[in-house]
Amino acid sequence: MASPLFLLCFILCFSLSSQMILLPLTHSISKTQFNTTHHLLKSTSTRSSNRFRHQHHHRKHQTQVSLPLSPGSDYTLSFNLGSNPPQLITLYMDTGSDLVWFPCSPFECILCEGKPQTTKPANITKQAHSVSCQSPACSSAHSTMSSSNLCAISRCPLDFIETSDCSNFSCPPFYYAYGDGSFVANLYRHTLSLSSLHLQNFTFGCAHTALAEPTGVAGFGRGILSLPAQLSTLSPHLGNRFSYCLVSHSFDGDRVRRPSPLILGRHDDTTTAGEAVEFVYTSMLSNPKHPYYYCVGLAGITVGKKMVPAPEILKRIDGKGNGGMVVDSGTTFTMLPESFYNAVVTEFDKRVGRVNKRASEVETKTGLGPCYYLNGLSQIPMMTLHFVGNNSGVVLPRKNYFYEFLDGSDGARKKSKVGCMMLMNGGDETELDGGPGATLGNYQQQGFEVVYDLGKERVGFAKKECALLWDSLNSVKN
């Protein structure tokens, strides 16, 4: 039975069985940061684009980490650190990076005014232990730099280095850079508690200094420092499979939001009617340059009845790490290479543009497109994503790729109903060298349970009522 210390109402973490742990993901919008829908959409589309482009422009030897997004785009999770007393830590959940890190006291953040901070800086007590310079975790944090070099930086004597006897010398601080921020951190080990499960010696990054980056990230990528990877060392059945189901969100700050379930391990895949749910699976692709990404192959997108084939760069990954599509919980909008995006837009516009006027000014204000002034009940073509292998087609609900809202914030005319396609142009594929060809964003993942099956190296999709799934799984605890 879990200690009362770990049954905080705010966390709502429940140990459902030995096969599964359920955690809530929270999605929020900051009213103080965004005063109009245009402003929010523009910021979100810009950050999605920046994150995607940053994946292709890393400096040499720089640790490659994804970019956490602004409010309106992020899903956060909470856990407890330590036990005397436990500290509540709330971080962005991100499948596009492989490190758990957060600010630690004393914490200085430069150029962070107006940026959200999800958690208070943690107090690292004497109960936390520094990580050795000769550990694999230290090498991973330093972009696989050899332990001998790291121990030399930590001033371990040469004779100790030669005999691999530097365990008492701490891993030196490491530098992480994002698209618009950076931080310096140290590695520590401490107890991390998820419901009644206590992960001893959990390794995390503790940042005392940051530039334009005041909040932390719970990395769920494929690296050895990610939360699932560390969980699997204690409980393989929990760490080798996880899923989430993102409750459909709008860009309305007044909307009451339900938690989105994050499931560690496996649960009974049945509906409320008792019928088995069929998942559509596609294989994970290995990426030698970005091994922590969950990459899949995209074969094409059907718009209406027209199949638009994807370029070869999206179907596979070459030896240099180019290509594939990253399934990413931390990017809002799906990013496609320019020629493919244009082909999809052409088919979409053939069906929508012939009866609805193009809203070019809305496109400029939001960074999205194509956008249209809608006349009554508009006929929006169905959109299906086709992944490589196993006839793995995923039909997207209309709200996952076409967002409708009232335009007229300038007050000069009557408000008009507009709609925008929520896929984005990722740029010329010739400029995407050294990284993924596309990103599947969380906006397109809404209303699906997305399964990351690490044991079988595949990603699965099943359409679900995510709020009902949360209620159903949450009731199991009783």
Side-chain angles (χ1 to χ4, degrees), residues 21 23-27 47-48 51-52 54-55 63-69 73-77 79 91-101 118 140 176 178-179 194 204-205 215-232 238-247 260-265 279 281-287 289-298 317 324-335 385 387 394 435-446 448-462 466:
I21 287 179
L23 302 169
L25 294 176
T26 301
H27 182 269
R47 297 297 291 275
S48 295
R51 176 167 168 135
F52 179 68
H54 181 63
Q55 294 172 341
T63 302
Q64 295 144 349
V65 187
S66 313
L67 174 68
L69 304 180
S73 312
D74 305 304
Y75 292 85
T76 61
L77 65 87
F79 55 81
L91 306 177
Y92 294 130
M93 184 267 181
D94 182 19
T95 60
S97 60
D98 64 345
L99 173 72
V100 177
W101 78 271
T118 62
S140 178
Y176 267 44
Y178 293 86
L194 300 168
F204 58 90
T215 199
V217 173
F220 270 65
R222 303 177 79 178
I224 66 171
L225 294 178
S226 74
L227 196 150
Q230 296 193 61
L231 178 59
S232 67
L238 294 175
N240 286 337
R241 177 186 170 105
F242 69 90
S243 64
Y244 52 72
C245 194
L246 304 180
V247 174
S260 296
L262 168 64
I263 303 124
L264 304 178
F279 276 85
Y281 286 101
T282 183
S283 298
M284 294 181 187
L285 304 178
S286 177
N287 191 319
K289 186 169 183 178
H290 304 289
Y292 45 86
Y293 286 151
Y294 296 107
C295 289
V296 298
L298 183 69
I317 298 173
M325 169 179 265
V326 176
V327 184
D328 187 9
S329 69
T331 296
T332 308
F333 302 131
T334 293
M335 308 295 298
L385 305 180
F387 296 102
V394 175
T439 297
L440 180 62
N442 63 48
Y443 198 87
Q444 280 65 51
Q445 297 176 45
Q446 295 175 100
F448 289 90
E449 183 178 359
V450 183
V451 172
Y452 297 77
D453 188 339
L454 307 183
K456 296 183 179 180
E457 296 192 335
R458 60 182 185 173
V459 178
F461 304 87
C466 297

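Counting from 1, the numbers follow the sequence of the chain as shown.
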Are Asp328 and Asp94 close enough, and set up right, to give a side chain to side chain contact (heavy atoms under 4.5 Å, CB included), and what steps lead you there? CA-CA 7 Å; Asp328 187 9; Asp94 182 19; 3.3 Å; yes
Run the side chain to side chain contact (heavy atoms under 4.5 Å, CB included) check on Leu91 and Val217 step by step: do they pass? CA-CA 5 Å; Leu91 306 177; Val217 173; 5.6 Å; no
When rounded to the nearest 0.5 Å, the distance separating OG of Ser232 from CG of Leu264 is 11.5 Å
Taking all non-hydrogen atoms of both residues into account, name the closest pair between Ser260 and Tyr75 and its distance. OG-CE2, 4.0 Å
Main chain of Ser329, side chain of Thr95: is a donor-acceptor contact present, judged purely on distance under 3.5 Å? yes
Within the side chain of Tyr294, is there an N or O that forms a donor-acceptor pair under 3.5 Å with the backbone of Phe220? yes
Mind listing the closest non-hydrogen atom pair of Ile263 and Glu449 along with its distance? CD1-OE2, 3.8 Å
Nearest non-hydrogen partners of Ile317 and Ser286, listed with the distance: CD1-O, 3.7 Å
At what distance, to the nearest 0.5 angstrom, does OG of Ser243 lie from CG of Leu262? 7.5 Å
Polar side-chain atom of Asn442 near backbone of Thr331 as donor-acceptor pair, under 3.5 Å: yes
Provide the closest heavy-atom pair for Gly460 versus Phe279 in the form atom of the first, atom of the second, distance. C-CD2, 3.9 Å
Nearest 0.5 angstrom please: Thr334 OG1 to Leu440 CG, how far? 4.5 Å
Quick one: pull up CZ in Arg241 and CZ in Arg458 and give me the separation to the nearest 0.5 Å. 7.0 Å
Could you tell me whether the side chain of Leu227 reaches within less than 4.5 Å of the side chain of Phe242, counting heavy atoms only? no
Nearest-0.5 Å distance, CG of residue Asn287 to CG of residue Leu285: 8.5 Å
Side chain to side chain contact (heavy atoms under 4.5 Å, CB included) between Met284 and Val327: does it pass, once the steps are laid out? CA-CA 10 Å; Met284 294 181 187; Val327 184; over 6 Å; no
Heavy-atom closest pair (Ala218 atom, Leu77 atom, distance to 0.1 Å) is CB-CD2, 4.2 Å
Test side chain to side chain contact (heavy atoms under 4.5 Å, CB included) on Tyr292 and His290 and set out the steps. CA-CA 6 Å; Tyr292 45 86; His290 304 289; 3.5 Å; yes
Could you check whether any side-chain N or O of Gln446 sits under 3.5 Å from a backbone N or O of Leu246, counting only pairs where one atom can act as donor and the other as acceptor? no
Within the side chain of Thr439, is there an N or O that forms a donor-acceptor pair under 3.5 Å with the backbone of Val326? no
Aromatic contact, Phe387 with Phe461 (centres under 6.0 Å): yes
So, the side chain of Thr282 versus the backbone of Val459: is there a donor-acceptor pair under 3.5 Å, distance only? no
Shortest non-hydrogen contact between Thr332 and Gln444, atoms and distance: O-OE1, 3.8 Å
Anything under 30° is parallel, anything over 60° is perpendicular, the rest tilted; go ahead and classify Tyr244 against Tyr452. tilted
I'd like to know if the side chain of Ser226 reaches the main chain of Gly221, judged simply by a donor and an acceptor atom lying under 3.5 Å from each other, with no hydrogens or angles considered. yes
Working to the nearest 0.5 angstrom, can you tell me the gap between Met93 CE and Leu25 CG? 6.0 Å
